Each structure stands twice: as C-alpha cells, then as structure tokens.
Participant: 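Just passing along the structure, written as structure tokens.
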Amino acid sequence: MLRELGAEASEVRVPDGLDGLDGLVVPGGESTTISIGIESAGLEPAIRAHHEAGRPVFGTCAGMIVCDDAHLGLIDATATRNAFGRQLQSFEADLEVEGIGDEPLRAVFIRAPWIERHGPGVEVLASYAGHPVAIRGGGVLACAFHPELTDDPRLHALFMAMTTSARERQGAER
Amino acid sequence: MGRVTERATFRVKTGLAEMLKGGVIMDVVTPEEAKIAERAGACAVMALERVPADIRRDGGVARMSDPAMVKGIQEAVTIPVMAKARIGHFAEAQILQALEVDYIDESEVLTPADERNHIDKLAFEVPFVCGATSLGEALRRLGEGAAMIRSKGEAGTGNVVEAVRHMREIVAGARRLTQLGPEELAGAAKEHQAPLEVVRVVAEAGRLPVPLFCAGGIATPADAALMMQLGAEGNFVGSGIFKSADPERRACAIVEATTHFNDPERVTAASIGLGEAMPGLEISELAAADALLQDRGA
C-alpha cells in the first residue's frame, strides 16, 4: 500500500534494516510474538533511536500495543490487549476518522485492542463503542484496526504526510 | 453511515491468518506446553488430544481435544488458540465454536468422521484452516469456506519430504493457472475438481486468496527455513517440538528460522546445540502399511 502511494518500502527484520528509513510501520500480528521478535533480533535500541531522531512510527493493532507505554513507550497511551474479545468477536465497521476526510473508513478489527488511557499530548482520531481506536502523538500514529487489510489508503497516506513533514523539518534544521 | 458492523466476513476470517503470517503455530496438548510455546515466540497454538507422532504410535480413534483442556489452554496464553476437529465432524466444530477458539483445523491428523463430506465451513463464524496435498484439494476446501490453507505433509513423521511436495504442487499449480486463457479455466476447474469461481480468483492472482502455511513433517530450523523459501507464509509444527529432546530451545530455534528464513547465518546459529530432533519415519514404509494420514479427506 505504501508503494502504491509512492514510497519505497522494505521489511525490517534486523537493526541495520532501519538505516536510512524515514518512517517505520509496526504491523499487525501478535504483540507477544512481535515483542519476542524485537528482543531476539535486538531491534529495540534501533527503533528507539529512529523515534528519538523524530522519524515517525505507525503501529496497527499489535503494532499499537508494541508502541504503548507498557512496551516500547513511544506514545503516552496504554492499550488493552484483545479488548474487543477473541476471533469470534472480530468485526468490520464504518469508522469516522479525523484528518482523512468525511467519508467513513471501513475498519477491520481482529482480536483488537483499544486505548484505555492516553496523555494530554495524544490526539484521538477515532473512537468505536466509546473507546479510542486511532490516536496520534509525538510522531506516532497508531490504530487498533488493520488498514492494511482493506484497499483504503487514507491512513497510510496520513502517515506518509507525517513522514514527509518530519523529513522536511529535519532538512530545515540541518 | 453505509454498512453496519459485520462479523465473520471473509475479510475478518482471513484477517487473523494474515496476522499470523511469518510465524509458527505449535501443537500443544496441555496448558503447560502452550505456555512454553508462547514464551518461545509461537504466534498461535493448536490444541489437540495427542500429537501426531503419538496418534501414529498408539493408534485408536483420534478426536477433538477435551473441552476442559481447550479452556485450560485458552486461560494459559494470550496468543490465539486453534483446535482440531475431525474431518466432517461438524458437531465437534460446533463445540469448538462455542468454546470460542480462534480457528478450527479440520484435520486429517484426527480420525475422519465422514468419508465423503467435509464440514460446511461457511455455516460457521469461527474461521477454518484445512490441509491440502494439491492445488485442487486447496481449491475444494476454499469452495467449502476455508479461510486458511496448510500443506498436509505427513504429520508425525519428522520427515519434510511430503510437505515439500505438497507446497510445490500448490504454489506451482496456482502459478500455472495464470497462464491459461479465460476459456480454459472451466477445463482447469474440471481437472482440479474444484469450483470454477475459486479457480478464476486464483488464476487472476497467481496465488491462493487466503494465507498458505506449511504443516506436516517440520522437525528442524532448516526444515522451517526451507518451507518458507518454497512459498509457505508460516509454519505449523506438531510433534517436531514436543517430541524432541529440548522442546523449549527447539521451539525458539524454529521461530527464529521461520522469521529469518532468508538469512542462513541466523538459521545456522539457531540450529546449533539443540539436542536430538524427533525420530523420523520413512514415508515409503508408511505407504506400504497403508498408514498415510494425507490420504484422508481429499
């Protein structure tokens, strides 16, 4: 999807993979498994360095959990895992998301988390059933659903815009 | 607002399998084994009564796991819990759905309950994974509503040769369909004994419309890396882990090899000092004894 939007995309499996990237996507999956993978590949320092250098991070579902303050702590928010339940309770729904236009986004929630708590610097872009499910703050965009499972590129485009403006800002500082 | 909230759509059913890609799903028979699997980095566990190697050795009818055991496993881990039902045994599947397992494996490893029909998987809200030895078999299962396909391989043998054959058949078969003209697809559907609409979808994409995993015979990190390079999008490992000398280390090593399958140095490092792998079985001897599980439910 990022390629369709004009980005170069590569898979990051080892710390060197982050070199030269303007933005990092932490995708869906199982947060326990991803956390173990980050640890065994020694990725944590590299992800922190990426974030501290002002380069954006986009976490979807498990990726949102991995970014929260109980894990990598990249965003001032706490996610509740599997908050919507097991696979039987997984669903898709129309969701209004701030910053991507009026047309609702078809959002696919798979054993999805929600945001239990967030700090004042975190902006809620969308909620479902009274719980925040898309947030942005401190260079991190995070959502509880899977924009990568639909053809709607608008959230990825929002992330690309964050990445582009972060790069321009860094270029200006240099 | 347009469409309302929907559950159990094709996208929701396949969505979980999409999230398991690149990972390892491990067979477990107890909550303790499930915890070991989760700690080792399994992306999901598969609950069953006995691992395939024991089913082979002990014989008898192999059935769905005890519901109390499934619940115990669900309570022990936070990763998805799958469970096996017998081929055609829709009442076992109903129980597993009532237990809210995350995926049901309609599996040839258990003793089939129906020699002619598979479960009508479209009638369920819980998604199904099914085994296949060929593209035709995969397409038939998709026609019945499977949301994930795995190779059958030959479970409980620790011998990867059948999984290799099945994976190649499925991947190459899908690729071949892309070479056909639209007027040739009905003929292909007939050859594959599969629904034409599924054949059309695969011919268009050159791949299955659902995630394709490997199962049946993985015993070493090298086996796991081999299957990923052959086109598997993740691995099921059954007896290979808990029938080896050091299950915990082997589980970690197979996860590592599945994640970094394209990095021989990491797969090498993962392969060192694991102790004995599970004892292997020769396929031709099983075939002579008419003991192949893969022939069940074609």
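Naming: A, B, ... by sequence-line order, numbering from 1 per chain. All figures in this text were calculated on a predicted structure; none of them were measured in a lab.
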Participant: Determine whether a donor-acceptor pair (N or O, by modelled atom type, separation under 3.5 Å) exists between the side chain of B/Asp246 and the backbone of B/Gly275.
Facilitator: no

Participant: For B/Arg266 and B/Thr259, indicate whether the former's side chain and the latter's backbone hold a donor-acceptor pair under 3.5 Å.
Facilitator: no

Participant: What residue, out of B/Thr78, B/Asp102, B/Val77, B/Thr9, has the most heavy-atom pairs lying under 4.5 Å from chain A?
Facilitator: B/Asp102

Participant: Could you tell me which residues in residues 1-34 of chain A have at least one non-hydrogen atom under 4.5 Å from a non-hydrogen atom of chain B, sorted by residue number?
Facilitator: A/Arg13, A/Val14, A/Gly28, A/Gly29, A/Glu30, A/Thr32, A/Thr33

Participant: Quick one: what part of B/Glu125 sits under 4.5 Å from any heavy atom of chain A, side chain, backbone, both or neither?
Facilitator: both

Participant: Does B/Arg250 use its side chain to pair, donor to acceptor, with the backbone of B/Ala219 at less than 3.5 Å?
Facilitator: yes

Participant: Between the main-chain N or O of B/Ala203 and the side-chain N or O of B/Thr178, is there a donor-acceptor pair closer than 3.5 Å?
Facilitator: no

Participant: Closest heavy-atom contact between A/Val57 and A/His50?
Facilitator: CG2-CD2, 3.8 Å

Participant: Please check if the side chain of A/Glu98 supplies one atom and the backbone of A/Glu123 the other of a donor-acceptor pair under 3.5 Å.
Facilitator: no

Participant: Under 3.5 Å, side chain of A/Glu44 to main-chain N/O of A/Leu72, donor-acceptor pair present?
Facilitator: no

Participant: Working to the nearest 0.5 angstrom, can you tell me the gap between B/Ile119 CD1 and B/Arg86 CZ?
Facilitator: 10.5 Å

Participant: Which of residues 137-146 of chain A have a heavy atom under 4.5 Å from any heavy atom of chain B?
Facilitator: A/His146

Participant: For chain B, find its close neighbours in residues 79-89 of chain A: heavy-atom separation under 4.5 Å, sorted by number, or none.
Facilitator: A/Arg81, A/Asn82, A/Arg86, A/Gln87, A/Leu88, A/Gln89

Participant: Does a sphere of radius 6.0 Å around NZ in B/Lys21 hold more than 12 heavy atoms from other residues, nucleotides or ligands, not counting ones at 6.0 Å or beyond?
Facilitator: yes

Participant: Just how far is it from atom NE2 of A/His71 to atom OG1 of A/Thr78, taken to the nearest 0.5 Å?
Facilitator: 10.5 Å

Participant: Of the listed residues (B/Cys252, B/Gly22, B/Pro127, B/Cys43), which shares the most heavy-atom pairs with chain A below a 4.5 Å separation?
Facilitator: B/Cys43

Participant: Can you measure from CE (A/Met162) to CZ (A/Arg167) and round to the nearest 0.5 angstrom?
Facilitator: 14.5 Å

Participant: With the threshold set at 4.0 Å, does a side-chain nitrogen-carboxylate oxygen contact exist between B/Arg11 and B/Glu6?
Facilitator: no

Participant: Answer yes or no: is there a donor N or O on one side and an acceptor on the other, between the side chain of B/Arg141 and the main chain of B/Cys130, under 3.5 Å?
Facilitator: no

Participant: Go through A/Cys61, A/Ala41, A/Ala107 and name the one with the most non-hydrogen pairs under 4.5 angstrom from chain B.
Facilitator: A/Ala41

Participant: Pair up each side-chain donor or acceptor in residues 23-36 of chain B with any protein partner under 3.5 Å, not counting sequence neighbours, and list the distances.
Facilitator:
from	atom 1	to	atom 2	distance (Å)
B/Thr30	OG1	B/Glu33	N	3.1
B/Glu33	OE1	B/Val29	N	2.9

Participant: Could you have a look at B/Arg7, B/His260, B/Met19, B/Lys13 and say which one has the most heavy-atom pairs with chain A under 4.5 angstrom?
Facilitator: B/Met19

Participant: Return the orientation label for the A/Phe91 and A/Phe109 ring planes: parallel under 30°, perpendicular over 60°, tilted otherwise.
Facilitator: parallel

Participant: Taking side chain as everything from C-beta outward and backbone as N, CA, C, O, which of these in B/Ala44 sits under 4.5 Å from a heavy atom of chain A? Side chain, backbone, both or neither.
Facilitator: neither

Participant: Considering only heavy atoms and a distance below 4.5 Å, find which of B/Leu16, B/Val126, B/Leu20 pairs most often with chain A.
Facilitator: B/Leu16

Participant: Taking atom CD1 of B/Ile87 and atom CD of B/Glu92, what is their separation to the nearest 0.5 Å?
Facilitator: 11.5 Å

Participant: Go through the atoms of B/Glu256 and report whether side chain, backbone, both or neither lie under 4.5 Å from a heavy atom of chain A.
Facilitator: side chain

Participant: Show your working on side chain to side chain contact (heavy atoms under 4.5 Å, CB included) between B/Met64 and B/His89 and close with a plain yes or no.
Facilitator: CA-CA 9 Å; B/Met64 174 187 80; B/His89 204 317; over 6 Å; no

